[in-house]
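For reference, the structure is listed below as structure tokens.
Protein chains get the first letters and strands the later ones, always in sequence-line order, with residue 1 at the start of each.
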Amino acid sequence: MTLIDKTFAPADFEQRLYERWEKAGQFRPARPDAQPFTIVIPPPNVTGSLHIGHALDNTLQDVLIRYHRLKGRDARWIVGTDHAGIATQMVVERQLAESTQGTTRQAMGRDAFVETVWDWKRTSGATITQQLRRLGASCDWENEQFTMDPHFTKAVTRVFVQLYNEGLLYRDKRLVNWDPKFKTAISDLEVEYREIDGHLWHFRYPLEDGSGFIAIATTRPETILGDGAVAVNPDDPKMAHYVGKRCRLPLTDRLIPIITDPYVEADFGSGAVKITAAHDFNDFEVYKRHPEANIPVINLMNPDATMSDACPPEYRGLTREAARLKVIADFDALGLLDKVEPHKHQVPYGDRSGVVIEPYLTDQWYVNAAELAKPAMAAVREGKTEFVPKTWEKTYFNWMENIQPWCVSRQLWWGHRIPAWYGYAFEVTSPTSARFAGQIVFVEASEIEAREAAERYYGNLATRCSIFRNAEIETIPQQEREPNWAELDAEDEAFERGNFPIWQDPDVLDTWFSSALWPFATLGWPDDQPVIPAKAGTQGAVATADLAAKGAPLGSRESGNDGTKATDLVRYYPTDVLVTGFDIIFFWVARMMMQGLHFMDEVPFKTVYCHGLVRDKNGAKMSKSKGNTVDPLVLIDQYGADALRFTLTAMESQGRDIKLDEKRVEGYRNFATKLWNAARFCQSNGISASTSPDTPAANHAVNRWIIGEVAATARALDAAIAAFRFDAYAEAIYQFVWNRFCDWYLELTKPLLSEGADAGVAAETRLVTGWALDRILVMLHPVMPFLTEELWHKLGHGDGDDLIVAVWPDAGAIPSDAAASDEIDWVIQLVEGVRTARTELGIPPSAKLTYDVEGEDPQDTKYRLANTAAISKFARISPTEGIADDGGVKLQVINGNVTFKINVEGVIDLAAERARLTKSAEAAEKEAASLAGRLNSPGFVEKAKPEAVEKARDDHAARSAEAARLRAALARLG
RNA sequence: GGGCGCAUAGCUCAGUGGUAGAGCACUGUGUUCACACCGCAGGGGUCGCAGGUUCAAACCCUGCUGCGCCCACCA
């Protein structure tokens, strides 16, 4: 036991304690027989640094983990970081550009660039994990994961290949959201729409037959160059005469058809819409609905959104912005610009790049999300996974029901490379000839297997066609992207078994494709996997056993924790709770549900707890550009990690956004200081750590009372955790520590510990206080781990006895004593009543007064006599004890049945006392009358719940009696 | 256009059928040997508006007003 310092300085011990826990392996104590409690952390971006949202998310997780660890569960918090494709690539590219050499990834080449990113990860990737430690997060660092770890690659590949074989993953040419800055496809979810004050340009296209013009309106004139049709509404009489005609597209001189489609609104713009299939999602749909119109699909742009060679020569190479101005000017020059209207509209922007997104026609890999969503929806409907708060289930269903194919390929270098290899495809046309037929794809777990598959393909061709058997070998150079198929002449090319080109898809997978596997890949899948048969009914299904045979051998990997035979996967999956912000339900939660169910045949988590956003104190979203961000590390430096954690916990009421005001952090730092001082006081009074978590025996009412209060608090905390009410948890422990333990228990027991007090009572009180303080430390530990652990040891718990693995109080095993509770409540009410009366009458706190009582029953007498010392100390009144009543005016305080008549020295302000008593009497009478009214109102007694009726009767009796006593007191005043 | 949420004390938020609560802020005060990052006491709300259900509504229902968010995007 060491002395508790006079000042509470969290910086003095936070780091020391964290290192102690981590070194001692306390974050994952060996508990092979205990029931697991598992949380997977939402892996922060490896580029990240801890922001206030992380602080909230991880505080809540740590509260749950620490609580369940104290409850004796095998608590495991799986931790790691995400490789975060675009974000990380951006960071490293920016650093390359800013470095002294000022190089680019293109100049470096792919392999060197990827190696640079790895270097960066190794040196800078630990920032966020160190910051999580400062917050106190008790993660399982020994098994830290990274989404680009070799076993993750294995898992990702396995998933990709199996989904492909099941027909749930495919390559398709369709429009994607294209980011011209990063030159990659991005997800629908990574597009944010901004309202822009733009324009609606009205142009005229001349009709082919020279009979006039058709007017169209557009917000994107530059895409006119790629128009393939003009569409009007089929039911629009104004437009009927155009239908079936053709018009001449100015600037290109192409003839394009005028068609009908219900997508066109007759009363918007000019009533006619230009159809640019390659650059607009709606137009692409129109194109697909009208195969008969032979609408050309013209890709007008290069990957960087400059105008491509598909445009007329004078536009090529222009930016889309410059092209727009030129198109407008050119139309104007031709006299075909009708008018320009101002027009507010929503423009898509890349949420990371900040540039306008281009709908762009490319080949990409897609996952059939609609199919995977079915079991994911059913699982929530059946309650296998529950959202808290439940309202988010609607959001989840709504998105799942309308889910689009998930584009999973990205044109980046940093990420999991797509396990697909391409080769040239041929169609055998006769025993001696074959025709070039595009490309063939081999989706396999490795290049070796892809090559084997290719061998089978070409071998099979060779047996059917002699030109593959006998011709000379000519190797086609491997090409990175888009081989120029048109120039290949199959007749002249020759292939022989074992010597033909295949090349891997240059693209990588969407980061969320690997994050979706997080709950099971982190637990060892696929090496540890229980074999799940491929889903019946999916086309091209390949037995999982075959897939497994290709990968690493199956078998049980011993758990790092306890050496049991069960694999981690079996033991910890499904996890218990996922704690996350609602903003990534679509990105991440939904996809984990889909992949978890598909590959594990079970939901990834039983509960999804969604918290809100942390906003600034005015409710504005925090952002760097607004400069209103709050750095959690600064708050930790200023107030301690515990104060920040307590604030975030206390403010987390289900689902609501948090408006963070630094004053709250300060307030909870004060709370920490309060407890610190209370512990210091206890220590200075010879109180030390309890030797057992068992409740000590107690006779004195105040001790029996506090024991019952501990039990009530433990019960409240258990209930709060069970209901995910973090705010209720913080509230309950705060009230108990400050308003019960410090304000009353420590005060009421001071006389029991003072010199000359009964030695037996004093000893009992020391034991009970030590026990209660220990229980406080345990119950507060999940929220304030550092402070509580520090005090735990200062109070005398030894080195081998860390609070982090202590025992949570079993509320049911702690006796609650109604009689003690009744007695102490009586004392507290009396003291408060006297204090209030004294203040209102302006009697100095220092004045010690005497009293007589009236109306006491035996129990009141018992309570009063048993607590004479406390009453004297806190109300500063003592019995007259034989001093004759001088007949003077008394200060009268009603406590239950008893009227305390207090002798006041000198003259009291009669009018003030009368006013005080009158006010109280009227309040009691008003309430009694209201209760009487309810009791007399028709229906109440018959229809209300019996408890409610009984309570109303009791309250009515009590209030009436109180009013009578107050009136009597008034009468005595004369 | 569709959906969701919120509106309770000056501020931030609990309360979800039975007489309105907490923290902060505010006012007054300071006897006491843990704590002024403290103690004690106090003021402050027709629970957004209007209807309805009920013996009883801040709470349930309907409508309205205001604020916020998500999804979809009339070129």
Side-chain angles (χ1 to χ4, degrees), chain A residues 4 6-8 188 193 200 216-220 223 231 263-265 267-276 280-283 343 345-346 348 389 391-392 394-395 398-399 402 582-583 585-586 612-613 617 619 621 639 643 650-651 653 655-661 663-664 666-685 725 727-728 731 734-735 739 742-743 746-747 750 754 831-832 835-840 842 844-848 873-874 876 926-928 930-931 934-945 947-949 951-952 955 959:
Chain A
I4 297 170
K6 191 160 168 57
T7 52
F8 163 61
D188 302 352
Y193 288 87
L200 195 57
I216 59 96
T218 181
T219 56
R220 301 203 56 198
T223 64
Y263 143 73
V264 180
E265 306 266 335
D267 51 4
F268 183 84
S270 66
V273 182
K274 63 195 257 335
I275 301 300
T276 319
D280 184 283
F281 287 98
N282 287 312
D283 293 3
H343 179 59
H345 62 137
Q346 306 282 330
T391 172
W392 292 111
K394 275 187 190 153
T395 307
N398 186 41
W399 190 70
N402 298 299
F582 61 82
D583 49 327
I585 289 178
F586 305 144
L613 256 41
K617 65 178 171 191
K621 212 166 172 172
Y639 302 104
M651 298 188 78
S653 62
R656 198 187 255 260
D657 284 352
I658 289 177
K659 289 182 201 166
L660 185 65
D661 185 346
K663 303 254 353 173
R664 289 292 290 266
E666 187 185 329
Y668 291 122
R669 188 274 321 268
N670 295 350
F671 172 66
T673 306
K674 181 80 181 179
L675 178 61
W676 181 268
N677 282 313
R680 194 159 63 87
F681 166 77
C682 289
Q683 188 178 55
S684 71
N685 277 278
R725 290 307 304 253
D727 55 342
E731 167 85 7
Y734 184 98
Q735 294 297 340
N739 301 127
C742 290
D743 286 351
L746 290 184
E747 295 300 332
K750 275 176 183 173
S754 63
V831 170
E832 285 177 343
R835 279 171 172 171
T836 301
R838 290 174 69 123
T839 302
E840 287 186 4
S846 55
K848 294 187 175 180
K873 186 170 163 62
F874 301 111
R876 300 190 78 73
K926 191 179 157 205
E927 220 176 289
S930 149
L931 287 159
R934 192 192 306 172
L935 285 163
N936 293 330
S937 78
F940 176 70
V941 175
E942 296 81 55
K943 293 184 184 171
K945 283 176 293 188
E947 312 91 87
V949 177
K951 184 174 185 303
D955 287 352
R959 301 320 260 154

Check your understanding: Considering only side-chain heavy atoms of Arg725(A), which listed nucleotide, rG15(B), rA22(B), rC70(B), is closest?
Key -> rG15(B)

Check your understanding: So which nucleotide from rG18(B), rA22(B), rA41(B) ends up closest to the side chain of Ala948(A)?
Key -> rG18(B)

What integer distance in Å separates [X]:[atom1] from [N]:[atom2]?
X         : N       : atom1 : atom2 : value
Ile658(A) : rU12(B) : CD1   : C1'   : 11 Å
Tyr734(A) : rC13(B) : OH    : P     : 18 Å
Asp188(A) : rC70(B) : CG    : C1'   : 15 Å
Glu947(A) : rG17(B) : CD    : P     : 14 Å
Trp392(A) : rC69(B) : CH2   : P     : 12 Å
Phe671(A) : rC37(B) : CZ    : P     : 18 Å
Asn739(A) : rC40(B) : CG    : C1'   : 13 Å
Asn670(A) : rC24(B) : CG    : P     : 8 Å

For the [atom1] atoms, the ones on [N] and on [M], what distance do you get once it is rounded to whole angstrom?
N       : M       : atom1 : value
rA56(B) : rU27(B) : C1'   : 37 Å
rG18(B) : rG66(B) : P     : 31 Å
rC6(B)  : rA75(B) : C1'   : 36 Å
rG21(B) : rG30(B) : C1'   : 27 Å
rA57(B) : rA14(B) : P     : 24 Å
rA9(B)  : rG42(B) : C1'   : 14 Å

Point to revise | side chain to side chain contact (heavy atoms under 4.5 Å, CB included) partners of Ala272(A), counting only residues at least two apart | key: Ile214(A), Ile216(A), Val230(A), Val232(A), Ser270(A)

Check your understanding: Can you name the residues that form a side chain to side chain contact (heavy atoms under 4.5 Å, CB included) with Asp188(A), not counting sequence neighbours?
Key -> Asn177(A), Gln404(A)

Decide yes or no for [X] and [Y]: does some side-chain heavy atom of the first lie under 4.5 Å from some side-chain heavy atom of the second?
X         : Y         : answer
Thr7(A)   : Trp676(A) : no
Ser684(A) : Ile4(A)   : no
Asp267(A) : Glu265(A) : yes
Lys674(A) : Asn670(A) : no

Under the ring pair (Phe, Tyr, Trp, His ring centres under 6.0 Å) test, residues paired with [X] that sit two or more places apart:
X         : result
Phe671(A) : Phe646(A), Tyr734(A)
Tyr639(A) : none
His343(A) : Phe268(A), His345(A)
Phe940(A) : none

Practice item. For Asp955(A) and for Arg669(A), locate the closest nucleotide of RNA chain B by heavy-atom distance; then report the residue assigned to the nucleotide nearer the 5' terminus. Key: Asp955(A)

Would you check if the side chain of [X] reaches a backbone N or O of [Y] as a donor-acceptor pair within less than 3.5 Å?
X         : Y         : result
Asn685(A) : Phe681(A) : yes
Arg725(A) : Ser653(A) : no
Thr839(A) : Arg835(A) : yes
Arg220(A) : Asp280(A) : no

Could you list, one pair per line, each protein nitrogen or oxygen that sits under 3.5 Å from a nitrogen or oxygen of nucleotides 66-68 of chain B, together with the distance?
none

Point to revise | Phosphate OP1/OP2 of rU12(B): any Lys663(A) side-chain N/O under 4.0 Å | key: no

Review point. Any stems for RNA chain B, made of 3 or more Watson-Crick or G-U pairs in a row, each with both distances under 3.5 Å?
Key: B:1-7 with B:65-71, B:10-13 with B:21-24, B:26-30 with B:38-42, B:48-52 with B:60-64

Of all heavy-atom pairs between [X] and [Y], which one has the smallest distance, and what is that distance?
X         : Y         : answer
Gly612(A) : Phe582(A) : CA-CE2, 3.8 Å
Arg664(A) : Ala650(A) : NH2-CB, 4.4 Å
Gly269(A) : Leu200(A) : CA-CD2, 4.3 Å

Could I get a table of every N or O pair under 3.5 Å where one atom is in the protein and the other is in nucleotides 2-6 of chain B?
| unit_1 | atom_1 | unit_2 | atom_2 | d |
| --- | --- | --- | --- | --- |
| rC6(B) | O3' | Arg656(A) | NH2 | 3.1 |

When you compare the protein's N or O atoms with those of nucleotides 73-75 of chain B, which come within less than 3.5 Å of each other, and at what distance?
| unit_1 | atom_1 | unit_2 | atom_2 | d |
| --- | --- | --- | --- | --- |
| rA75(B) | OP2 | His343(A) | NE2 | 3.4 |
| rA75(B) | N6 | Glu265(A) | O | 2.9 |
| rA75(B) | N6 | Phe268(A) | O | 2.4 |
| rA75(B) | N1 | Glu265(A) | N | 3.2 |

Exercise for review: May I have the step-by-step check of side chain to side chain contact (heavy atoms under 4.5 Å, CB included) for Asn677(A) and Phe8(A), ending in yes or no?
Suggested key: CA-CA 8 Å; Asn677(A) 282 313; Phe8(A) 163 61; over 6 Å; no

Please enumerate all protein N or O atoms sitting under 3.5 Å from an N or O of nucleotides 26-36 of chain B, with distances to 0.1 Å.
| unit_1 | atom_1 | unit_2 | atom_2 | d |
| --- | --- | --- | --- | --- |
| rU31(B) | O2 | Arg876(A) | NE | 3.3 |
| rU31(B) | O2 | Arg876(A) | NH1 | 3.0 |
| rA34(B) | OP1 | Lys750(A) | NZ | 3.3 |
| rA34(B) | O2' | Arg680(A) | NH2 | 2.8 |
| rA34(B) | N7 | Lys750(A) | NZ | 3.3 |
| rA34(B) | N6 | Cys742(A) | O | 3.4 |
| rA34(B) | N6 | Glu747(A) | OE2 | 3.1 |
| rA34(B) | N3 | Asn677(A) | O | 3.3 |
| rA34(B) | N3 | Ala678(A) | N | 3.2 |
| rC35(B) | O2' | Asn677(A) | ND2 | 3.2 |
| rC35(B) | O2 | Lys674(A) | NZ | 3.0 |
| rC35(B) | N3 | Lys674(A) | NZ | 3.0 |

**Study point:** Distance in Å, Ile658(A) CD1 paired with Asp727(A) CG, rounded so as to fall on 0.5 Å steps
**Key:** 9.5 Å

Check your understanding: How long is the span from the NZ atom in Lys659(A) to the CE atom in Met651(A), to the nearest 0.5 Å?
Key -> 9.5 Å

For nucleotides 55-61 of chain B, which of its nitrogen or oxygen atoms have a protein nitrogen or oxygen under 3.5 Å away, and what is each distance?
| unit_1 | atom_1 | unit_2 | atom_2 | d |
| --- | --- | --- | --- | --- |
| rC55(B) | OP1 | Lys943(A) | NZ | 2.1 |
| rC55(B) | O4' | Pro938(A) | O | 3.0 |

Review point. Under 4.0 angstrom, heavy atoms only, what part of the nucleic acid is Glu832(A) near: base, sugar-phosphate, or nothing?
Key: sugar-phosphate

